[in-house]
Amino acid sequence: MLSVENLSYTYPGGAQAVRGIDFAIEEGEIFGFLGPSGAGKSTTQKVLIRLLRGFQGRITVLGKPLNQWDDSYYEQVGVAFELPNHYQKLTASENLSLFRSLYSGDTLEPAALLEMVGLKDDADTRLSQFSKGMQMRLNFVRSLIHKPDLLFLDEPTTGLDPVNGQKIKDILRQQKEEGRTIFLTTHDMTVADQICDRVAFIVDGEVTLIDSPRNLRLQHGRRRVTVEYHHDGTSAPTQQAEFPLDGLGDSDEFLKILRTNRIETIHTQEATLEDIFIQTTGRSLT
Amino acid sequence: MDIQRIAVLIGKDARLGATNFMVLYVLVMPVVLSLLIALVFGDLLAQTPRLGIYDASASEQFTRPLLDHPSINTTIYDSEETLQSAVERGSEEIGLSLPAGFAASLEDDSAEVVFTAYRWGEAGVRNLLLLESAIARAMTAGIGSSIDQLPVTVNAEQIGSANTQTWSQRLLPLLLIMSIVLGGLFFPAASLLDEKKDRTLVALTSTPTSLLDVYLSKTLMGFILSGIMGSVILLINGAFVGQVALLLLVIALGGLMSSSFGIILGSVSKDMDTFMGIIKGAGILLYAPGILKIFPQVPEWIGRIFPTYYLMNPLLEVTQNGAGFADILIDIVVMAVLVAVLLVLLNSVIGRQQQKLALET
């Protein structure tokens, strides 16, 4: 679906934002592009959506070199930016209708899209009266209006409350089910962990690691279990014990704790994506 | 370039432009000014020729037909001084002072008819002709003689400075520049600046719409508004006369020049404040030929320094002097060259805007 080989980009003025990165995205995959601010992820996305020209390297999208695409590229590609960009004097419905009329292929009804992100009742409200979260949801859903094969989403859950954030993640999973490929730029490791099939870490313009969140957790996590327990009938504080995950069933001490105490929590010591990012890049995400 | 998308964008711009105060102000202003000027200087409500009479002889048979004339406003004055004063300030275009015995001399075929006629220096030719014709008819009314048979001596006196142009005519160039240039310039600039402020420009160019489509739609919208405004101002001022096709050609070139300049200004301006600063600071260069035309004593060559002269001059030549294509060819060529230069600049500006768009997003 999308392959990037030895991509570099230098801004006018000489700042090299991307330094020879390589990655490929399969059809129907949700690919997370993770990195702190200034790492080069937005530059990479701008190159991929043809906003920035003059890159070095080879990019192939939908079977065709990127520099051979014309404006028909956007008939098959949907883009949602990090900041909302709507006509503030138009209503939500009018905004979607306007953008819908710019595509020549099959498109979705604005009402259906608004319902998808819980904005149906605000269809006739001017955008100037929308909160940032509402504008973000509209931003996101606008990128789906022409049923694109490939979606480029920049921080799609930023500024959303947990309920609406979950709604967006559910829609993304549904889009994946329908066969769409999604390139997701984010610094939110939780979102990436929950919905991405694979993630790439980018730091200082270089991709340092690409794998599935599960593999990364397994590779970088500690294979241990932590148990928090409490002696029944005593006023002693909660205690904690840690055991190796391998051979756990044969650990008499572990089994004894389970049998004789009130267990409060049991957790495997999987690393979070954020831990792995810090561990592998030596950098934090902020 | 996609015609359908450009049409969609023009529709959107028309809708959003209708709610933009600055755009509305620029479009309404020349029309309001035209109407005000016509009202103040009399061309709109006082198209009727104005005649004042001081009648020392009580010659009812002469004055009655003039007082009853449906196309003339006739006022009787009680002294020659008040009549002269009325003519001097332009309240009357012709003032007739009829001496004692005037009525009797009219009835006596052999007597010489003598009277004094004061003419307002700025009176229009049309009104003067209508008044003279009405006066001649009134003199012969009731006596059955032809005017040729009457021995008439008229002591004619002009009052006030002579000027063949009315104030409306003198202000027309400025109004034309305001309507065609500002109408064509403001809309594309304001619309583009709004897109930049709301970041919708990048949203549009992330669809199959190209930046060229966006720029073309705004330039076209400015061009259309400019054409409409120019035509409306000519119509209101009674100047949509002569070779209409030639007028439309000049307005079209002027509209293209203004809207191209407007979209370039909108593109290079950071925001609306910067744009307004440019207009306030350098706008005088746009109006200058129109302002200079108000003062006929200013040499014509000074106006030629300013680009808008080549829009204003051919319009005035056609509407006021009945000029044809050959007479205004040089102005048209200059304007076409200016349009070509602006279009080349526009092409370069679009390329730069594409880069800026990526950097500012």
Side-chain angles (χ1 to χ4, degrees), chain A residues 9 11-13 15 17 42-43 45-55 69-91 94-105 107 126-128 135 138-139 142-143 145-146 148 151-154, chain B residues 1-24 187 190-218 221 271-272 348 350-361:
Chain A
Y9 187 83
Y11 281 102
S42 289
T43 302
Q45 172 152 330
K46 284 178 190 175
V47 169
L48 294 176
I49 61 173
R50 298 180 73 240
L51 204 53
L52 281 176
R53 316 277 168 96
F55 59 88
W69 278 100
D70 57 15
D71 291 324
S72 65
Y73 182 61
Y74 301 104
E75 294 281 2
Q76 296 174 61
V77 163
V79 182
F81 294 94
E82 183 180 1
L83 294 172
N85 44 10
H86 307 288
Y87 290 100
Q88 299 295 309
K89 289 177 184 170
L90 300 182
T91 66
E94 288 166 345
N95 264 283
L96 289 181
S97 297
L98 168 69
F99 278 86
R100 185 189 190 197
S101 60
L102 298 173
Y103 294 97
S104 55
T107 52
R126 276 187 174 202
L127 263 288
S128 53
Q135 299 217 23
L138 189 67
N139 226 30
R142 192 181 66 197
S143 67
I145 202 162
H146 56 298
L151 276 165
F152 289 98
L153 307 174
D154 195 353
Chain B
M1 190 176 72
D2 185 290
I3 303 295
Q4 195 182 334
R5 283 190 194 102
I6 289 173
V8 168
L9 294 175
I10 286 178
K12 180 261 299 172
D13 284 342
R15 169 130 194 238
L16 293 175
T19 60
N20 185 316
F21 173 76
M22 278 315 295
V23 170
L24 288 179
F187 186 91
S191 171
L192 186 63
L193 287 165
D194 276 348
E195 303 262 17
K196 280 159 72 171
K197 178 171 68 75
D198 292 338
R199 296 183 297 273
T200 44
L201 203 52
V202 76
L204 286 177
T205 54
S206 303
T207 72
T209 310
S210 67
L211 201 55
L212 179 66
D213 291 337
V214 178
Y215 270 62
L216 271 180
S217 66
K218 294 185 190 308
M221 191 67 197
D271 50 29
M272 197 65 182
S348 151
I350 292 174
R352 281 189 198 170
Q353 184 64 55
Q354 181 76 52
Q355 284 182 335
K356 275 204 284 184
L357 212 53
L359 299 177
E360 288 168 2
T361 302

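Letters A, B, ... mirror the listed sequences (proteins, then strands); counts begin at 1.
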What's the separation between atom [atom1] in [X] and atom [atom2] in [Y], rounded to the nearest 0.5 Å?
X: Lys46(A); Y: Ser206(B); atom1: NZ; atom2: OG; value: 11.0 Å
X: Thr205(B); Y: Asp71(A); atom1: OG1; atom2: CG; value: 9.0 Å
X: Ser97(A); Y: Lys12(B); atom1: OG; atom2: NZ; value: 14.5 Å

Which pair of non-hydrogen atoms, one from Thr207(B) and one from Tyr74(A), has the smallest distance, and what is that distance?
O-CD1, 3.2 Å

Contact between [X] and [Y] at the side-chain level, heavy atoms closer than 4.5 Å - yes or no?
X: Gln354(B); Y: Arg53(A); result: yes
X: Arg15(B); Y: Lys89(A); result: no
X: Leu90(A); Y: Leu16(B); result: yes
X: Ser104(A); Y: Arg5(B); result: yes

Could you name the residues of residues 195-203 of chain B that have a heavy atom within less than 4.5 Å of a heavy atom in chain A?
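Contacts with chain A: Glu195(B), Asp198(B), Arg199(B), Thr200(B), Val202(B), Ala203(B).
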
In this structure, which one of Thr209(B), Asp213(B), Asp2(B) forms a side chain to side chain contact (heavy atoms under 4.5 Å, CB included) with Leu102(A)?
Thr209(B)

Just give me the residue among Asp194(B), Leu204(B), Leu9(B) that pairs up with chain A most often, heavy atom to heavy atom, under 4.5 Å.
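Top count of heavy-atom pairs under 4.5 Å with chain A: Leu204(B).
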
If you count heavy-atom pairs under 4.5 Å with chain B, which of Tyr103(A), Tyr73(A), Phe152(A), Tyr87(A) comes out on top?
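Winner by heavy-atom pair count: Tyr87(A).
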
Under 4.5 Å, heavy atom to heavy atom: which of residues 75-85 of chain A reach chain B? Give them by number, or say none.
Glu75(A), Val79(A), Phe81(A), Leu83(A), Pro84(A), Asn85(A)

